[in-house]
Peer 1: 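Dropping the structure in here first, questions after.
Treat the numbers as computed from the prediction; the structure is a model and nothing was measured.
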Amino acid sequence: MALTKTQKENMLQKYADSLSSDEHTKGLLVGFCRDFLDKIKYRDPNRAAVMAYMKYLKDSDYADSSINLKFRTLRRFFLANGLEWPFRSNE
């Protein structure tokens with residue numbers, strides 16, 4: 001199932017509402033999630049989508065610390081939207 005633009009925006013808003021950060025930090029974190037959803041072309045956020053996005057970041061020469069931050073951000077995005085996080089804690 002593909003996400004509609006409205007579903008995407010609702011998910012991003014739900015995630016933003018779950019954050020207690022200042023507006024600048026919220027904007028950055030929501031931007032990470034928006035980039036993820038754009039890169040997966042509105043497909044269902046799932047394990048394969050996260051893995052493909054992580055590969056894209058690595059191939060684009062993002063620093064490991066940036067990739068790790070985006071991975072953790074996506075985890076919170078999934079949980080804020082009631083989606084099962086498709087990774088175990090040691091992955």
Side-chain angles (χ1 to χ4, degrees):
M1 174 188 96
L3 298 173
T4 66
K5 184 174 183 171
T6 300
Q7 288 172 315
K8 173 187 159 183
E9 292 305 321
N10 288 342
M11 291 175 82
L12 291 169
Q13 186 60 54
K14 193 175 221 181
Y15 172 66
D17 292 345
S18 77
L19 299 173
S20 60
S21 307
D22 62 78
E23 292 305 310
H24 175 74
T25 302
K26 271 187 187 184
L28 289 173
L29 297 174
V30 169
F32 294 161
C33 297
R34 183 181 305 281
D35 184 57
F36 166 70
L37 292 174
D38 288 345
K39 290 288 185 277
I40 67 169
K41 297 179 176 43
Y42 294 74
R43 292 184 317 237
D44 273 343
N46 57 32
R47 182 182 178 94
V50 174
M51 294 296 293
Y53 184 63
M54 293 296 114
K55 182 180 181 329
Y56 158 78
L57 295 173
K58 187 101 172 138
D59 292 348
S60 298
D61 293 325
Y62 278 78
D64 289 344
S65 58
S66 294
I67 294 171
N68 186 33
L69 173 61
K70 291 175 188 241
F71 185 80
R72 290 181 289 126
T73 300
L74 288 177
R75 180 180 183 276
R76 175 123 186 213
F77 172 78
F78 270 64
L79 298 176
N81 281 284
L83 301 172
E84 182 179 340
W85 181 239
F87 299 92
R88 295 184 302 250
S89 62
N90 61 344
E91 290 183 280

Peer 1: For a ring pair (Phe, Tyr, Trp, His ring centres under 6.0 Å) with F78, tell me which candidate from F71, W85, Y15 qualifies.
Peer 2: W85
Peer 1: Show the nearest heavy-atom pair for residues N46 and P86, with the distance to one decimal.
Peer 2: C-CG, 4.1 Å
Peer 1: Would you compute the distance between atom CG of L69 and atom CG of D64 and round it to the nearest 0.5 angstrom?
Peer 2: 12.5 Å
Peer 1: In this structure, would L28 and L19 fall into the same cluster of hydrophobic residues linked by side-chain contacts under 4.5 Å?
Peer 2: no
Peer 1: Would the distance check show the side chain of N81 and the main-chain N or O of F77 forming a donor-acceptor pair, the cut-off being under 3.5 Å?
Peer 2: yes
Peer 1: Can M11 and R34 be said to form a side chain to side chain contact (heavy atoms under 4.5 Å, CB included), step by step?
Peer 2: CA-CA 10 Å; M11 291 175 82; R34 183 181 305 281; over 6 Å; no
Peer 1: Roughly how far, to the nearest 0.5 Å, is the NZ atom of K5 from the CG atom of L37?
Peer 2: 12.5 Å
Peer 1: Taking NZ, NE, NH1 and NH2 as the nitrogens, is one of them in K39 or D35 under 4.0 Å from a carboxylate oxygen of the other?
Peer 2: yes
Peer 1: Going through the distances and angles, do Q13 and D17 end up as a side chain to side chain contact (heavy atoms under 4.5 Å, CB included)?
Peer 2: CA-CA 6 Å; Q13 186 60 54; D17 292 345; 2.7 Å; yes
Peer 1: Would you call the rings of Y56 and Y53 parallel, tilted or perpendicular, where under 30° means parallel and over 60° means perpendicular?
Peer 2: parallel
Peer 1: So, the side chain of R76 versus the backbone of S18: is there a donor-acceptor pair under 3.5 Å, distance only?
Peer 2: yes
Peer 1: My understanding is that only residues two or more places apart in sequence, or in another chain, count here; which of them pass side chain to side chain donor-acceptor pair (under 3.5 Å) with T25?
Peer 2: D22
Peer 1: Show the nearest heavy-atom pair for residues L83 and P45, with the distance to one decimal.
Peer 2: CD1-CG, 4.0 Å
Peer 1: D38 and K8: side chain to side chain contact (heavy atoms under 4.5 Å, CB included), yes or no, with the steps?
Peer 2: CA-CA 9 Å; D38 288 345; K8 173 187 159 183; 2.3 Å; yes
Peer 1: Could you measure the distance from the SG atom of C33 to the NZ atom of K70? Nearest 0.5 Å is fine.
Peer 2: 9.5 Å
Peer 1: Work out which heavy atom in L12 is nearest to a heavy atom in V30; give both atom names and the distance.
Peer 2: CD2-O, 4.0 Å
Peer 1: Can you measure from CD1 (I67) to CZ (R72) and round to the nearest 0.5 angstrom?
Peer 2: 12.5 Å
Peer 1: Please evaluate residues N10 and T6 with respect to the criterion side chain to side chain contact (heavy atoms under 4.5 Å, CB included), reporting the C-alpha separation (whole Å), side-chain torsions for both, the decisive distance (0.1 Å), and the verdict.
Peer 2: CA-CA 6 Å; N10 288 342; T6 300; 3.7 Å; yes
Peer 1: Should L79 and F32 be regarded as members of a common hydrophobic cluster, given that ILVMFWY residues are connected when their side-chain heavy atoms come within less than 4.5 Å of each other, either directly or indirectly?
Peer 2: yes
